[in-house]
Amino acid sequence: MRPRSRRGATILMIVALLVLALVLAGLEAARAVLFPRVDSPERVDAIVVVAGAPDDRYVYARHLAEEGVADHILVSQPGGTGKYADMIAAYCAASPVVARDGRQIDVDCFTPDIDTTEGETTAATRIAREKGYQSLLAVTYWGHVSRVRMYFEHCFDGDVYVTDTPRPLSRSRKHALLHETGGYVKAFIKPAC
């Protein structure tokens, strides 16, 4: 082979490998969004509710706490106005909650460092460290599970579990794939902490 031909073949091979790597990364991100791994721990120090939509994540977090999974719930309360902000404020005002077995469940609401998943993670992690928590269960919707897991695993030193809600809003797979895959890739490239 002549030197030019070898150089061209090498460049072509490098380009092909880069395209293959991008396709594989995209497929992995799509898999993580559409088919996330969810956890069901028996007990954690606190449940973290990641804000985002007025679905059943708040009710589910309280249900899990009442069932004995945790005695503390941390709720992200981003700024804003309207029905959703009012709903979160009412949820936060209902602390403490008394479970059927008489346990007191504390609901602590916090303002994220910035109004993003990354900001929620850094604020929740800071609070968990201050309170000495060694394990967390984050509750979000199905398409957000893998990204939330990635951020918390980068930021929190203890055990991290993530679950989705039993009855999420009817967000389409297409919406989740487009929105969350981009967020997942961003989280992979630029960790929160």
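Positions are given from 1, in the same order as the sequence printed here. Please read all numbers here as calculations on a predicted model, not as lab measurements.
Distance alone, capped at 3.5 Å, is enough to place a donor-acceptor pair between the Thr122 side chain and the Gly119 backbone. Between the side chain of Asp45 and the backbone N or O of Ser135, at least one donor-acceptor pair lies under 3.5 Å.
Leu137 and Tyr60 fall within a single hydrophobic cluster, where Ile, Leu, Val, Met, Phe, Trp and Tyr side chains are chained together by heavy-atom contacts under 4.5 Å. Taken together through direct or relayed side-chain contacts under 4.5 Å among Ile, Leu, Val, Met, Phe, Trp and Tyr, Tyr133 and Phe110 form part of one hydrophobic cluster. Cluster membership check: Tyr84 shares its hydrophobic cluster with Val49, using side-chain heavy-atom separations under 4.5 Å among Ile, Leu, Val, Met, Phe, Trp and Tyr. Taking hydrophobic clusters as Ile, Leu, Val, Met, Phe, Trp and Tyr residues chained together by side-chain heavy-atom distances below 4.5 Å, Leu64 does not share a cluster with Val38. Ile88 and Val59 sit in two unconnected hydrophobic clusters of ILVMFWY residues. Membership requires side-chain heavy atoms under 4.5 Å apart, directly or through other members.
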For residues 67-80, tabulate all N or O donor-acceptor pairs below 3.5 Å that involve a side-chain atom, not counting sequence neighbours.
{"unit_1": "Glu67", "atom_1": "OE2", "unit_2": "Arg100", "atom_2": "NH2", "d": "2.8"}
{"unit_1": "Asp71", "atom_1": "OD1", "unit_2": "Arg103", "atom_2": "NH1", "d": "2.3"}
{"unit_1": "Asp71", "atom_1": "OD2", "unit_2": "Arg43", "atom_2": "NH2", "d": "2.9"}
{"unit_1": "Ser76", "atom_1": "OG", "unit_2": "Glu120", "atom_2": "OE2", "d": "2.6"}

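Among all heavy-atom pairs drawn from Val145 and Arg37, the shortest one is CG1-O, 3.4 Å. In this structure, Lys131 and Asp108 approach most closely via the heavy-atom pair NZ-OD2, 3.5 Å. Smallest separation of non-hydrogen atoms from Ala124 and Val48: CB-CG1, 4.0 Å. The two residues Ala51 and Tyr58 make their nearest non-hydrogen contact at CA-OH, 3.7 Å. Smallest separation of non-hydrogen atoms from Pro36 and Trp142: CG-O, 3.3 Å. When all heavy atoms of Tyr91 and Val107 are compared, the closest pair comes out as CE2-CG1, 3.9 Å.
If you take SG on Cys155 and CE on Met150, they are separated by 12.0 Å, rounding to the nearest 0.5 Å. Once rounded to the nearest 0.5 Å, the distance linking CD of Glu66 with CG of Asp101 reads 9.0 Å.
Within the 4.5 Å cutoff, no side-chain heavy atoms of Val148 are placed close to those of Thr121. Side chains of Thr163 and Asp39 form no contact here, defined as non-hydrogen atoms less than 4.5 Å apart. Residues Arg129 and Arg126 fail the side-chain proximity criterion, which asks for heavy atoms closer than 4.5 Å. Counting only heavy atoms from C-beta outward, the side chains of Phe156 and Leu136 approach each other to under 4.5 Å.
Atom CD of Glu42 sits in a sparse spot, with 12 or fewer heavy atoms from other residues, nucleotides or ligands closer than 6.0 Å.
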Quiz prompt | Test side chain to side chain contact (heavy atoms under 4.5 Å, CB included) applied to Arg62 and Ile105, step by step | solution = CA-CA 9 Å; Arg62 185 174 291 169; Ile105 300 164; 5.8 Å; no
Self-check item: Stepwise side chain to side chain contact (heavy atoms under 4.5 Å, CB included) check, Arg57 with Thr140
Solution: CA-CA 6 Å; Arg57 65 187 77 186; Thr140 188; 3.6 Å; yes
Practice problem: Just do the side chain to side chain contact (heavy atoms under 4.5 Å, CB included) check on Tyr151 and Thr117 with the steps written out, would you? | Solution: CA-CA 8 Å; Tyr151 278 135; Thr117 304; 3.6 Å; yes
